[in-house]
Student: 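Mind having a look at this structure? Questions to follow.
Heavy-atom basis, side chains included; hydrogens, waters and symmetry copies ignored. Protein chains get the first letters and strands the later ones, always in sequence-line order, with residue 1 at the start of each.
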There are 2 protein chains.
Amino acid sequence: MSKAQKDKSTEVRILAAAKKIFVLKGMSGARMQDIADEAGINKALLHYYFKNKEQLFEMIFMEAAAKLFPKINKIFDGDQPLFEKIESFCEEYITIVTDNPFLPLFVINEINQDPDYFLKKVWAGKSKPNPAKFLEQIDREVKKGTIKKINPVHLLMNLISMTIFPFMGKPMFQKNLGVSDTQFRQLMEQRKKEIPAFIIDAIKK
Amino acid sequence: MSKAQKDKSTEVRILAAAKKIFVLKGMSGARMQDIADEAGINKALLHYYFKNKEQLFEMIFMEAAAKLFPKINKIFDGDQPLFEKIESFCEEYITIVTDNPFLPLFVINEINQDPDYFLKKVWAGKSKPNPAKFLEQIDREVKKGTIKKINPVHLLMNLISMTIFPFMGKPMFQKNLGVSDTQFRQLMEQRKKEIPAFIIDAIKK
DNA sequence: CGATTTTTTAACCATTTGGTTAAATTTTAT
DNA sequence: ATAAAATTTAACCAAATGGTTAAAAAATCG
């Protein structure tokens, strides 16, 4: 059992352990025994708390999705000016993901495994991202002449890519650039300002 | 048909099938039976050609890595001016990945599973990316005053993120933006020019 | 044709894995 | 103290899975 977990309640410990293992290994790579070990309990007790792997996985996945998406939606759907929206998105998203660095790859993987399951289960109802408003906002700024002519979809992709990808490519970047964990953290912290500045430089007239 | 060609045709079918399954499901999610089915043969023959899953996986992974990395290295290491390098990278990389859309997620996943294995096996020797030259080149341009002041690492991350991520997030983007496969292909084609233009707008003085 | 190689069939094995069970033990709360 | 709940132990099961085997059948080639 990892010492960070020994004082928590059993159910919380299991969920934390499951999150760690699932997020690290994915649904098919995760072993119930690994989760039990990580939680410092045995398999029997694990099944005493959670019926089966699928149910446990779904809880973890939902929690992950719930952590990643609603805040984005709120920003995209909000009434801030475009540049402020971009700043808010980077700020909030990088903050979340810095504390949960493996979530993006985990979620992207599971979406790729079964896009429809994801659509049905996670985006059932209100939590579904609605980038329409954000896209229209970009379009309006283009037509007003405030920013350069750009396809809003590309701008959206650029924003999301620059914000998310470095976390998924962390080991690659680290091995390649010789960056320590602390340095990586600092880089991501910088990107909260760096990305908005970069984008605004790219599109402002 | 000669003996060697006969061998090769079945072997090639197996490799193609293995690539499809591994890249879709990952190492732990892939089933040998699925690969055999996909290749239109039986499990016995599959093991007649390939000793075990690990060996097969390694061949596929190496092939994938060999497809993705050496070309990048050549561009980063080349003698083109900075802006041309950025253009070449986007052009060539998007071309490769358009024909192998699942490779990036596959490779990123396996790197995350075991960064050191990757380092040792794939980047053993010359094929290891060496972004140093590219980074220094950016630094020189900054000092020359040709481009705005920017941390070269952030610029590199931005370039790679914008180029690679949309392929990994394809299902997400498609579900969210209502984009068909053809439209997605067109978008990626556009990004060959869009990303360099975006970056150059962001950094040029 | 006859020898060799490829492929199938079909059974089989060992291990892993998700999951169960029942009894015993420990902890917690009343 | 005692009942209830939490936890362990340890064995077990069934299905999935990677891998093997031997013999037969089909294709290939000299």
Student: Taking atom P of C/dG19 as reference, at what distance in whole Å does atom CD1 of A/Ile14 sit?
Tutor: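 Whole-Å distance recorded here is 14 Å.
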Student: Quick one: label A/Glu54 by what it contacts on the DNA or RNA (base, sugar-phosphate, nothing), any heavy atom closer than 4.0 Å.
Tutor: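 Sugar-phosphate, no base atom in range.
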Student: Where is the tightest heavy-atom contact between B/Asn112 and A/Met168, given as atom of each residue plus distance?
Tutor: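 Closest pair (atom of B/Asn112, atom of A/Met168, distance): ND2-O, 3.0 Å.
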Student: Atom CD of B/Glu11 to atom P of C/dT7: distance rounded to whole Å?
Tutor: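 Atom-to-atom, B/Glu11 to C/dT7, this comes out as 11 Å.
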Student: State whether a side-chain donor-acceptor pair under 3.5 Å links A/Gln113 with A/Asn109.
Tutor: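 The criterion, which ignores hydrogens and geometry beyond distance, is not satisfied for A/Asn109 and A/Gln113.
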Student: Judged by modelled atom types alone, do A/Arg191 and B/Asn151 share a side-chain donor-acceptor pair under 3.5 Å?
Tutor: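 Absent: no donor and acceptor within the cut-off.
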Student: Rounded to the nearest angstrom, tell me the gap between atom NZ in A/Lys25 and atom P in C/dG18.
Tutor: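 To the nearest whole Å, that distance equals 11 Å.
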Student: Can A/Lys170 be said to sit on top of A/Phe184's aromatic six-ring, NZ or CZ under 6.0 Å from centre and within 45° of the ring axis?
Tutor: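 Pair A/Lys170/A/Phe184 counts as cation-pi.
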Student: Is any N or O donor-acceptor pair between the side chain of B/Lys43 and the base of D/dG19 shorter than 3.5 Å?
Tutor: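 Yes, a donor-acceptor pair under 3.5 Å.
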Student: Below the 4.0 Å mark, does D/dT8 have OP1 or OP2 next to a side-chain nitrogen or oxygen of A/Asn42?
Tutor: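 So the side chain of A/Asn42 is within the cut-off, an N or O lying under 4.0 Å from OP1 or OP2 of D/dT8.
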Student: Rounded to the nearest Å, what distance is computed from the NZ atom of residue B/Lys53 to the P atom of nucleotide C/dT16?
Tutor: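 Spelled out: NZ on B/Lys53 to P on C/dT16 is 14 Å.
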Student: Which whole-number value in Å describes the distance from A/Leu45 CG to C/dA22 C1'?
Tutor: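 Atom CG in A/Leu45 sits about 15 Å away from atom C1' in C/dA22.
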Student: Within the structure, does a side-chain N or O atom of A/Tyr48 lie under 4.0 Å from either OP1 or OP2 of D/dT7?
Tutor: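 No, because none of the side-chain N or O atoms of A/Tyr48 sits under 4.0 Å from OP1 or OP2 of D/dT7.
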Student: From NZ of A/Lys51 over to P of C/dT21, roughly how many Å is that when rounded to an integer?
Tutor: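 Distance check: A/Lys51 NZ to C/dT21 P gives 14 Å.
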Student: What is the separation between atom CG on B/Leu46 and atom P on D/dT21, rounded to the nearest whole Å?
Tutor: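 Rounded to whole Å, this separation is 16 Å.
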Student: Tell me: CD of B/Gln33 to C1' of D/dG19, nearest whole Å?
Tutor: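 That distance rounds to 12 Å.
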Student: The side chain of B/Ala44 lies closest to which of these nucleotides: C/dT21, C/dA10, C/dG18?
Tutor: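 That would be C/dA10.
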Student: Give B/Ala30 one of three labels, base, sugar-phosphate or nothing, depending on what nucleic acid heavy atoms sit under 4.0 Å from its own.
Tutor: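 Contact class for B/Ala30: sugar-phosphate only.
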Student: Please check the phosphate of C/dT6 (OP1 and OP2 only) for any side-chain N or O of B/Thr10 closer than 4.0 Å.
Tutor: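 Answer no for this pair, as no side-chain N or O of B/Thr10 is under 4.0 Å from OP1 or OP2.
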Student: Output yes when at least one side-chain N/O atom of A/Tyr49 is less than 4.0 Å from OP1 or OP2 of D/dT7, else no.
Tutor: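 Yes, because at least one side-chain N or O of A/Tyr49 sits under 4.0 Å from OP1 or OP2 of D/dT7.
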Student: Does the side chain of A/Arg31 get closer than 4.0 angstrom to OP1 or OP2 of C/dT16 through an N or O atom?
Tutor: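 No.
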Student: Side-chain N or O of B/His47 less than 4.0 angstrom from OP1 or OP2 on D/dT20?
Tutor: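 False: B/His47 side-chain N/O out of range (4.0 Å or more) of D/dT20 OP1/OP2.
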Student: Ignoring the backbone of A/Met32, work out which of D/dT8, C/dT8, C/dG18 is nearest its side chain.
Tutor: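 Within the option list, the nearest is C/dG18.
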Student: May I ask you to check whether A/Phe89 and A/Tyr93 place their ring centers less than 6.0 Å from one another?
Tutor: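 Yes: the rings meet the under 6.0 Å criterion.
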